[in-house]
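So the structure is just underneath, and the comments pick up after that.
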Amino acid sequence: MTEAVRLDQVYKAFVPSGRAAEPLLALEDVTLAAHPGEFIGLIGPSGCGKSTVLNLLAGLIRPSAGQVYHLGKPVRGINDRIGYITQDDNLLPWRSMRANVEFGLELRGVGKRERRERARELIELVGLSGFENHYPHELSGGMRKRASIVRTLVYDSPVVLMDEPFGPLDAQTRVILQDELLKLWDLRRPAVLFVTHDLVEAIALSDRILTFTGRPGRIKREHVVDLPRPRDVYRIHELDRFKELYDALWTDIREEIAAANEGVSS
Ligand code: ADP
Ligand code: MG
């Protein structure tokens with residue numbers, strides 16, 4: 001079975017423009033893989049290279065050493081076959097919600113009738129029916145986020161990258177969107193790499209969670225989230241196994257915070 005994505009012993013250094021400036025090592029010897037249909041959470045201190053991992057897979061940047069694969073093939077240049085949902089919703093302000101959702105299909109040359117049909121199913125699933133002709137400024141933050149997620153999932157990429165997609169939303173909206181995301185994901189089960197700083201969210205969504213060390217980012221530990229699906233995101237925190245996983249993740253994060261503070265004081 002072809003892996004959905006793989007990073008093999010990846011290093012990434014950013015070289016600042018100033019002549020005397022030292023290169024900054026963002027990722028150090030990162031190896032990770034996702035199988036088709038697997039939902040993987042990525043957690044770690046700010047600046048540990050989580051977004052860098054996603055940018056490498058999207059082909060926006062190249063590794064300094066090591067290999068990056070998407071569906072078994074090395075990533076070369078911009079990888080527009082991978083779905084990428086960033087923290088900003090990036091909706092086009094001059095297009096209606098429906099036209100935004102259909103945008104990617106339009107670029108891929110999908111005919112109008114099929115576009116409409118595929119968009120309709122997902123728009124309905126996230127409760128946006130009736131808002132098709134609204135422009136982004138006429139939608140709430142949660143609605144815009146739904147539209148941007150649906151816009152990426154509608155083209156059925158086998159791999160989807162999500163970078164703190166629910167970051168700016170309030171706590172209630174986040175949980176509702178987590179529930180909707182799991183339902184959308186369940187339709188076609190793409191492999192997902194999901195970056196979040198929210199431990200509860202990572203457990204609720206993921207099959208596996210990888211924690212990162214502080215910079216340079218290395219994989220610290222793998223946590224298998226062996227909770228049955230479908231999951232009830234509203235009550236998942238009541239499970240004993242949830243509490244164990246939460247403690248284990250929090251231990252990883254606490255160690256990294258302590259290590260960072262040591263670095264500052266010495
Ligand atoms: P995270 O998403 O985990 O917060 P990032 O992947 O955004 O971390 O960044 C990791 C490190 O690499 C940070 O120190 C960041 O400043 C640096 N970095 C990221 N992208 C660039 C870039 N394009 N140029 C220079 N430095 C960068
Ligand atoms: Mg980031």
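In each ligand, atom 1 is the first atom listed, and ligand 1 is the first ligand listed.
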Proximal atoms of ligand 1 relative to S46 (non-hydrogen, under 4.0 Å) | 4 (O)
Identify whether the distance between the nearest side-chain nitrogen and carboxylate oxygen of D89 and R144 falls below 4.0 Å.
-> yes
With only distance considered, is F14 within less than 3.5 Å of ligand 1 through an N or O on each side?
-> no
Interfacing atoms of ligand 1 (cut-off 4.0 Å, heavy-atom, A26) | 11 (C), 12 (O)
Got a salt bridge between K220 and E255, using NZ or NE/NH1/NH2 to carboxylate O under 4.0 Å?
-> yes
Atom 15 (C) of ligand 1 protein-contacted (non-hydrogen atom, under 4.0 angstrom) | no
Thinking salt bridges, do R241 and D226 make one under a 4.0 Å N-O criterion?
-> yes
If we only count heavy atoms from C-beta on, is the R174 to D170 side-chain gap below 4.5 Å?
-> no
From the list L71, L161, V75, side-chain contact (heavy atoms from CB on, under 4.5 Å) with I82 holds only for L161
Specify whether an N/O/S atom of S51 falls short of 2.8 Å from the Mg ion (ligand 2).
-> yes
Give the residue and atom name of whichever protein heavy atom lies nearest to atom 11 (C) of ligand 1, and the separation in Å to one decimal.
-> G47 O, 3.7 Å
Identify the closest protein heavy atom to atom 8 (O) of ligand 1: which residue and atom is it, and at what distance?
-> G49 N, 3.2 Å
Output yes when a protein non-hydrogen atom is found under 4.0 Å of atom 5 (P) of ligand 1, and no otherwise.
-> yes
What protein heavy atom is closest to atom 9 (O) of ligand 1, reported as residue, atom name and distance in Å?
-> T52 OG1, 3.7 Å
Sub-4.0 Å heavy-atom approach of C48 to ligand 1 = yes
Please write down residue, atom name and distance for the protein heavy atom closest to atom 7 (O) of ligand 1.
-> S51 CB, 3.7 Å
Does an N or O from L24, backbone or side chain, lie closer than 3.5 Å to an N or O of ligand 1?
-> no
Distance-minimising heavy-atom pair for P63 and V10 | CB-CG1, 4.1 Å
Establish, yes or no, whether the cationic atom of R108 lies under 6.0 Å from the six-membered ring centre of Y155 and within 45° of the ring axis.
-> yes
Over all heavy atoms of both residues, which pair between L54 and D163 is shortest? Give the atoms and the distance, please.
-> CD1-CB, 3.8 Å
